[in-house]
Structures are given as structure tokens and as C-alpha cells.
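All remarks here apply to the structure that follows.
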Amino acid sequence: MADCIFCRIVAGTIPSNKVYEDEIYLAFKDIHPKAPVHYLVIPKAHSERLDALARDGGAVALGELMLAAVRTAEATNLGDYRLAVNVGSGAGQLVFHTHLHLLSGWRHGAGEVG
Ligand code: 5GP
Ligand code: ZN
């Protein structure tokens with residue numbers, strides 16, 4: 001989609017700091033990190049949000065996105081990490097191209113979720 005920031009990152013017309021890439025997925029550093037390490041893991045193909053990806057691609061698409069996140073964590077030697085996904089604006093989703101947040105790097109652990 002021409003007006004989608006993450007599609008532009010996939011196309012290379014907006015620069016990004018890539019940390020993992022394969023044929024179907026891309027991971028890059030979040031421009032405003034909310035943790036010492038903050039990557040975004042995205043399918044290269046556009047879908048608006050996680051439930052749309054699930055509707056169109058089912059368990060395989062969801063599982064492969066999660067696998068891409070695990071591979072990103074392994075490729076960058078994260079050790080322990082948190083995965084998060086905002087589904088819809090009410091949950092804080094700002095960019096409507098499906099993405100997982102991969103967060104890590106806390107010196108003393110991340111504490112309780114929420
Ligand atoms: P959301 O709130 O949609 O779950 O997360 C969107 C994330 O994308 C935010 O953490 C934000 O900092 C990040 N972001 C927005 N625009 C850009 C950009 O142009 N480049 C990069 N690397 N990250 C972006
Ligand atoms: Zn897109």
C-alpha cells in the first residue's frame with residue numbers, strides 16, 4: 001500500500017535499521033524505542049491488523065509471524081524478551097500494518113506485565 005509507512009520500509013523508500021529479514025518477514029528497530037531493545041517484526045505483505053492476518057492466513061500466518069519473531073530474537077542474541085501486539089486503535093495501534101513488538105534488554109528484568 002502506497003500510503004503505509006511499513007510498506008514503504010519494506011520497499012526501501014523509507015530507511016530503517018534492519019535486524020532480520022527473510023523472504024516473507026522483516027524486523028527493524030523501532031524509531032521510538034519503549035525498551036532498551038525494541039524491534040518491530042512485520043510480514044512484508046500488507047495486512048491492517050493481526051485479526052485480518054488471521055482471517056486471511058489462519059494459523060499458518062500467525063505461527064509464521066511468531067516464528068519470525070523468535071528467529072529475530074535468536075539472530076540478535078536477545079536471550080529473554082517480551083512479545084506484544086496492539087490490535088486496533090483502542091489498544092494503542094498507530095500503524096495499520098500488522099506488527100509484533102519485540103522488547104528486551106532490561107538490566108534487571110522487565111517486571112510484571114501491565
Ligand atoms: P503501534 O502503536 O502501532 O503498535 O506501534 C507502532 C510503532 O511503530 C511505534 O512503536 C512507533 O514508534 C513505530 N514507528 C512509527 N513510525 C515508524 C518509522 O517510520 N520507522 C520505525 N522504525 N518505526 C516507526
Ligand atoms: Zn503496509
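We count ligands from 1, going down the list as the structure has it; atoms in each ligand are counted the same way. As the structure is a computational prediction, the values presented were derived from the model and not from experiment.
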Any side-chain heavy atom of Phe6 sitting closer than 4.5 Å to one from Ser16?
no
Among all protein heavy atoms, pick out the one at the shortest distance from atom 22 (N) of ligand 1; state its residue, atom name and that distance to 0.1 Å.
Lys29 O, 2.9 Å
Sub-4.0 Å atoms of ligand 1 with respect to non-hydrogen atoms of Ile5:
19 (O)
Compare every heavy atom of Gln93 with every heavy atom of Gly88, then report the nearest pair and how far apart it is.
N-OE1, 2.8 Å
Looking at Asp56, I want to see if its CG is surrounded by more than 12 non-hydrogen atoms of other residues, nucleotides or ligands under 6.0 Å.
yes
Can you check whether Leu103 reaches Val37 side chain to side chain, under 4.5 Å on heavy atoms?
no
Calculate the angle formed at the Zn ion (ligand 2) by SG in Cys7 and SG in Cys4; 10° precision is enough.
120°
Residue portion contacting ligand 1 (non-hydrogen atoms closer than 4.0 Å) for Phe28:
side chain
Under 4.0 Å from any heavy atom of His32, which atoms of ligand 1 are there?
12 (O)
Among non-hydrogen protein atoms, atom 15 (C) of ligand 1 lies closest to Val95 CG2, 4.0 Å
Under 4.0 Å from a heavy atom of Ile9: give me the atoms of ligand 1 that qualify, with their elements.
20 (N)
Quick one, Tyr81 and Leu102 - any side-chain contact, counting heavy atoms below 4.5 Å?
yes
Note: ligand 1 atoms sitting under 4.0 Å from heavy atoms of His99 are 1 (P), 3 (O), 4 (O), 5 (O), 6 (C)
Quick test: of every protein heavy atom, which one is nearest to atom 17 (C) of ligand 1, and how far off is it to 0.1 Å?
Ile31 CG2, 3.7 Å
Worked verdict on Glu21 versus Lys18 for salt bridge (Lys or Arg N to Asp or Glu O under 4.0 Å)
CA-CA 7 Å; Glu21 183 170 18; Lys18 296 178 185 178; 3.8 Å; yes
Name the option, out of Leu94, Leu100, Asp30, that contains the heavy atom nearest to atom 11 (C) of ligand 1.
Asp30
Would a 4.5 Å heavy-atom cut-off, applied to side chains only, mark Asp30 and Tyr39 as touching?
no
Ligand 1 contact on Val85 by region, counting heavy-atom pairs under 4.0 Å:
neither
Hey, is Asn86 touching ligand 1 through its side chain, its backbone, both or neither, going by heavy atoms under 4.0 Å?
side chain
Are Val85 and Ile24 connected in a single hydrophobic cluster, I mean Ile/Leu/Val/Met/Phe/Trp/Tyr linked by side-chain heavy atoms less than 4.5 Å apart?
yes
Touching ligand 1 at all, Phe6? Heavy atoms, strictly under 4.0 Å?
yes
The N/O/S atom of His97 lying closest to the Zn ion (ligand 2) is ND1
Would Asn17 count as a contact of ligand 1 if the rule is a heavy atom under 4.0 Å away?
no
Please report the shortest heavy-atom distance between Glu64 and Tyr25, naming the atom on each side.
CB-OH, 3.0 Å
Quick one: does Gly92 get a heavy atom under 4.0 Å from ligand 1?
yes
I want to check something: taking the side chain as every heavy atom from C-beta on, are Trp106 and Pro36 in contact at a cut-off of under 4.5 Å?
yes
Measuring from the Zn ion (ligand 2), name the closest N, O or S atom belonging to His46.
ND1
Over 60° means perpendicular and under 30° means parallel, so tell me whether His101 and His38 are parallel, tilted or perpendicular.
tilted
